[in-house]
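Notes follow once the structure below has been shown.
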Amino acid sequence: MASRALLSRLSLPFFRFHSVCYSPALFHFTPFPLRYIVYPFYRMQKTHLYCSLAHQQLDEISQPELSCFNNTIHRLSHRRSFSEVLLVYVIILRNGHLPNGLTLPCILKACTALPALFFGCAVHAQIIRLGFEAATFIQNGVIVMYSRFGEISTAHKVFDLLSLRNVVSWTSIMSGYAQNGFPLEALHIFRTMRLDSPIIPDFIALVSVLKAYIDVGDLDQGRCVHGLVVKFGLEDEPDLLITLTSLYAKCGQVNTARNMFDQVFSPELILWNAMISGYAKNGHADEAVELFKKMVARKVRPDSITLRSAILACAQVGSLEAAKWIWEFVSNSELKDDVFVNTAIIDMYAKCGSVVLARKVFDNIPQKDVVVWSAMIMGYGLYGQGKEAISLFHEMIQSQVRPNDITYIGLLSACKNAGLVHDGRKYFYLMRNHGVEPRHQHYACLVDLLARAGHLEEAYEFIKGMPMAPEVTVWGALLNACRIHGQVELGKYAAERVFAIEPWNAGHYVQLSNIYASAGLWKDVARVRVLMRERGATKAMGFSSIEINGKLQSFYAGDKSHPRSKEILAMTDELERKLKKSGFLPHMDSVLHDLGPEEKELSLCNHSERIAMAYGLICTPPGTTLRITKNLRACVNCHSATKLISKLVEREIIVRDANRFHHFKDGFCTCGDYW
DNA sequence: TTAGGGTTAG
């Protein structure tokens with residue numbers, strides 16, 4: 001009766017769902033109900049099982065002992081043939097044996113790995129029935145199983161009922177919480193273990209606690225654990241080195257991470273992955289690509305994770321050369337059909353300025369899931385190809401793939417970047433029909449779309465009707481639109497909202513200042529500048545990069561540091577002369593400061609993208625496409641000038657700004673002047 | 001002699 005009481009205290013999920021067929025009472029009095037659960041499955045697999053090594057071996061023995069079965073189960077478990085482990089378990093029961101302490105951990109592991117929740121619950125019930133409640137080794141397996149099934153509260157109950165907990169019990173429940181998205185609870189358990197138990201953490205426990213600190217982004221506490229690692233003399237433990245490298249890399253301390261990485265003479269794949277992804281995630285894309293190349297040169301075979309990190313890095317660099325290189329690498333590897341890798345490549349090509357190549361990769365994927373479709377829709381959106389994005393969306397629906405919230409973000413931002421107001425409204429209200437509840441990002445997209453198209457009042461009303469508090473992206477979109485449409489009053493209101501959320505971000509002050517400047521309100525411009533100084537807001541310095549022969553060269557505004565600076569200057573002058581000759585009028589409002597007209601003009605043609613463009617023109621043969629990446633949004637003057645320059649110098653110029661792509665050709669831009 | 005962890009997340 002004790003075990004039945006225990007079953008009801010645990011309220012096992014299996015019994016919650018199947019209380020009619022397999023109630024605890026039924027289980028208690030039925031000798032081997034497992035055979036009924038797996039019987040159809042067993043029939044299905046029977047042919048395969050007869051061919052297997054396991055069954056051949058068992059067949060040779062007329063009446064196998066439990067130890068023979070256990071040996072077979074361990075061998076199968078080692079080969080990761082988990083379905084067969086469960087089938088042999090059924091045979092054990094059919095032969096009238098009872099599983100022992102050597103059988104059950106393997107069965108639990110198989111249930112966890114498959115995963116087989118119902119089977120696992122039944123096994124747990126049998127564990128209790130057979131009186132293994134106090135067997136730490138077995139109960140640890142139960143904790144892990146429930147954690148992996150997301151049944152963390154059941155796992156915790158098992159942990160609570162365990163009379164003798166060892167370091168594995170503590171680590172299992174701690175990592176269970178961390179893996180289920182509760183890192184704070186995991187850390188709480190670690191603290192309890194340290195304070196209330198005599199257990200000394202081993203290297204796996206420390207890896208688990210470090211992972212939880214990585215998840216919460218607490219570098220200081222992570223450093224304290226590093227101290228513990230040293231205290232316990234575990235600093236040479238390779239697995240801890242991997243997690244510590246990951247901790248420092250993910251928390252932005254890439255140099256410390258690299259020092260740890262360099263300590264290892266022959267790093268295993270997972271350490272390369274930790275370092276490459278650490279670089280890629282922290283904006284050190286060049287280093288990530290370089291390290292990836294080094295790894296390949298050292299004949300370490302990358303896996304899907306390595307490739308995804310390297311592809312992400314290439315996407316950030318924006319270099320089409322690097323993108324093509326990695327695509328070729330993937331095409332020649334055994335991961336060429338990996339859907340995750342291919343989706344990353346679609347995203348990369350879209351971000352590196354070739355929506356055509358992105359589409360080529362997309363068309364070659366035979367089984368497209370929702371993320372593949374969404375990546376391509378997002379790619380069209382980046383280029384302002386709204387109609388193509390919409391058409392692909394309909395193709396996706398026809399292919400019976402259900403859109404998710406990310407698909408809708410891609411679709412709405414495509415409408416936004418193409419100025420398709422009617423479509424944007426329509427798809428926003430269609431979302432719920434597909435069971436997708438609009439999130440803040442969807443609202444921000446629609447506000448941006450409406451406001452930029454000049455529907456400022458509608459956008460403002462829409463914001464007022466939002467079911468959640470509008471964040472900076474929403475007010476920022478309204479502020480930007482007020483700048484475009486010269487709306488001083490509404491712009492002032494939007495700016496106040498934005499300043500309240502991000503008082504440190506100088507970009508917002510510049511927007512308001514530009515609204516005032518356009519209206520000739522120079523006193524207000526001065527007031528904003530004072531406010532900006534008082535609040536210590538700083539503006540990110542603008543820079544542009546251009547890729548020449550696969551090498552990236554970056555320039556700041558007014559940059560004269562390049563060895564070929566004189567030639568670059570001569571080219572910017574020549575461009576300016578050509579622009580003037582063809583009647584180009586500089587857009588003076590693009591200058592924040594209250595300067596004289598001549599100074600304003602000079603300031604405008606010194607913008608970083610103009611310098612990068614000039615460098616591209618002097619370094620490449622006529623007709624070569626120029627590919628420029630900049631960290632800020634394109635300014636109005638640069639945009640108009642680049643359109644004309646593309647015609648004057650007969651070049652295609654592709655500029656990736658902070659938000660999207662601009663493809664300039666023959667005096668026009670693909671964005672249709674809508675950005 | 002069978003448990004626990006670490007790289008990613010398109």
Side-chain angles (χ1 to χ4, degrees), chain A residues 67 70-71 73-78 85 99-110 112 135-145 147-148 155 159 165-176 178-179 186 189 193 199 201-212 214-215 237-247 249-250 257 261 267-278 280-281 302-312 315 335 338-348 350-351 361-362 365 368-376 378-379 406:
Chain A
S67 58
N70 281 348
N71 280 338
I73 279 181
H74 287 145
R75 250 198 313 279
L76 290 170
S77 179
H78 190 71
V85 168
N100 65 13
L102 292 176
T103 325
L104 290 164
C106 267
I107 305 304
L108 288 167
K109 189 179 173 183
T112 308
T136 307
F137 210 101
I138 295 171
Q139 294 297 342
N140 288 346
V142 176
I143 294 170
V144 172
M145 182 185 77
S147 302
R148 297 279 167 82
F159 176 80
R165 298 167 191 151
N166 62 13
V167 68
V168 179
S169 324
W170 285 95
T171 312
S172 301
I173 190 67
M174 180 169 63
S175 55
Q179 285 162 359
I189 286 171
M193 178 183 103
I199 306 284
D202 63 0
F203 79 96
I204 297 182
L206 291 174
V207 163
S208 308
V209 73
L210 274 170
K211 175 68 169 62
I214 292 172
D215 288 346
E237 177 58 57
D239 295 348
L240 267 168
L241 214 71
I242 291 165
T243 316
L244 284 168
T245 304
S246 177
L247 166 80
K250 279 196 179 154
F261 177 86
E268 58 178 302
L269 178 64
I270 200 164
L271 182 56
W272 286 98
N273 286 354
M275 194 63 234
I276 293 171
S277 70
K281 279 278 175 66
D303 67 357
S304 170
I305 294 172
T306 331
L307 288 177
R308 275 182 266 166
S309 303
I311 293 166
L312 174 71
L335 289 159
D338 183 305
V339 72
F340 279 72
V341 170
N342 278 302
T343 318
I345 289 178
I346 293 174
D347 178 66
M348 171 187 72
K351 286 177 179 157
V361 177
F362 173 83
I365 300 177
K368 299 177 184 70
D369 67 10
V370 61
V371 193
V372 174
W373 288 96
S374 304
M376 196 60 233
M378 196 82 85
I406 308 287

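Order of the sequence lines sets the chain letters (A, B, ...), proteins ahead of strands, with each chain counted from 1. Treat the numbers as computed from the prediction; the structure is a model and nothing was measured.
Nucleotide B:dA9 holds its P atom 14 Å from the CE atom of A:Met348, rounded to whole Å. Counting to the nearest Å, the C1' atom of B:dG4 and the CE atom of A:Met174 are 9 Å from each other. Per the geometry, CG belonging to A:Leu104 stands 16 Å off P belonging to B:dT2, to the nearest Å. In this structure, CZ of A:Phe340 is placed 16 Å from P of B:dT7, rounded to the nearest angstrom. Atom CZ of A:Arg148 and atom P of B:dA3 are 12 Å apart (whole Å). Per the geometry, CG belonging to A:Leu247 stands 11 Å off P belonging to B:dT7, to the nearest Å. Here B:dT8 presents its P atom at 15 Å from CD1 of A:Ile311, a figure rounded to the nearest Å. For the pair A:Leu240 CG and B:dG4 P, the interatomic distance rounds to 17 Å; values are reported in whole Å.
Listed by chain and residue number, nothing satisfies the side chain to side chain donor-acceptor pair (under 3.5 Å) test with A:Asn342 (two or more places apart in sequence, or in another chain). Applying the side chain to side chain donor-acceptor pair (under 3.5 Å) test to A:Asn100 and every residue at least two apart in sequence or in another chain returns A:Asn70, A:Thr103.
The aromatic ring of A:Trp170 does not sit over the base of B:dG4; the criterion of centres under 5.5 Å apart with planes under 30° is not met.
Across B:dT2, B:dT8, B:dT7, the shortest atom-to-atom separation from the side chain of A:Phe137 is found for B:dT2. Here the side chain of A:Lys250 is nearest to one of B:dT2, B:dT7, B:dG10, namely B:dT7. For A:Val339, counting side-chain heavy atoms from C-beta on, the closest listed nucleotide (B:dT2, B:dT7, B:dG10) is B:dG10. For A:Asp202, whose side chain is taken as the heavy atoms from C-beta onward, the closest listed nucleotide among B:dG4, B:dG10, B:dG6 is B:dG4. Across B:dT7, B:dT2, B:dG4, the shortest atom-to-atom separation from the side chain of A:Leu102 is found for B:dT2. Here the nucleotide nearest the side chain of A:Thr243, chosen from B:dA3, B:dG10, B:dG6, is B:dG6. When distances are taken from the side chain of A:His74 to each of B:dT8, B:dT2, B:dG4, the shortest belongs to B:dT2. In the set B:dG10, B:dG6, B:dA3, B:dG6 carries the atom at the smallest distance from any side-chain atom of A:Glu268. Distances from the side chain of A:Ser277 to the nucleotides B:dT7, B:dA3, B:dG4 place B:dT7 closest. Closest to the side chain of A:Ile270, from the set B:dT2, B:dG4, B:dT7, is B:dT7.
Here the rule is side chain to side chain contact (heavy atoms under 4.5 Å, CB included) with A:Ile345, and of A:Thr343, A:Asp347, A:Val341 only A:Val341 fits it.
An OP1 or OP2 oxygen of B:dG4 is reached within less than 4.0 angstrom by no side-chain nitrogen or oxygen of A:Gln139. Applying the 4.0 Å criterion to OP1 and OP2 of B:dT2, one finds that A:Lys109 has every side-chain N and O outside that range.
Contacts of A:Val167 with the nucleic acid, taken as non-hydrogen atoms under 4.0 Å apart, include base atoms. Within 4.0 Å of A:Gly101, counting heavy atoms only, lies at least one base atom of the nucleic acid. Heavy atoms of A:Ala375 sit nowhere under 4.0 angstrom from any nucleic acid atom. Nucleic acid contact class of A:Val371 (heavy atoms, under 4.0 Å, all strands): base.
With contacts defined as side-chain heavy-atom distances shorter than 4.5 Å, the pair A:Arg148/A:Gln179 qualifies. The shortest distance between side-chain heavy atoms of A:Val372 and A:Val339 falls below 4.5 Å. A heavy-atom distance below 4.5 Å is found between the side chains of A:Asn140 and A:Thr136. Proximity of A:Val207 to A:Thr171: side-chain heavy atoms (C-beta onward) are nowhere separated by under 4.5 Å.
Judged by distance alone, with hydrogens and angles left aside, A:Asp369 brings a side-chain donor or acceptor within reach of the base of B:dG10, the pair sitting under 3.5 Å. A donor N or O paired with an acceptor N or O is not found under 3.5 Å between the base of B:dG4 and the side-chain atoms of A:Asn166.
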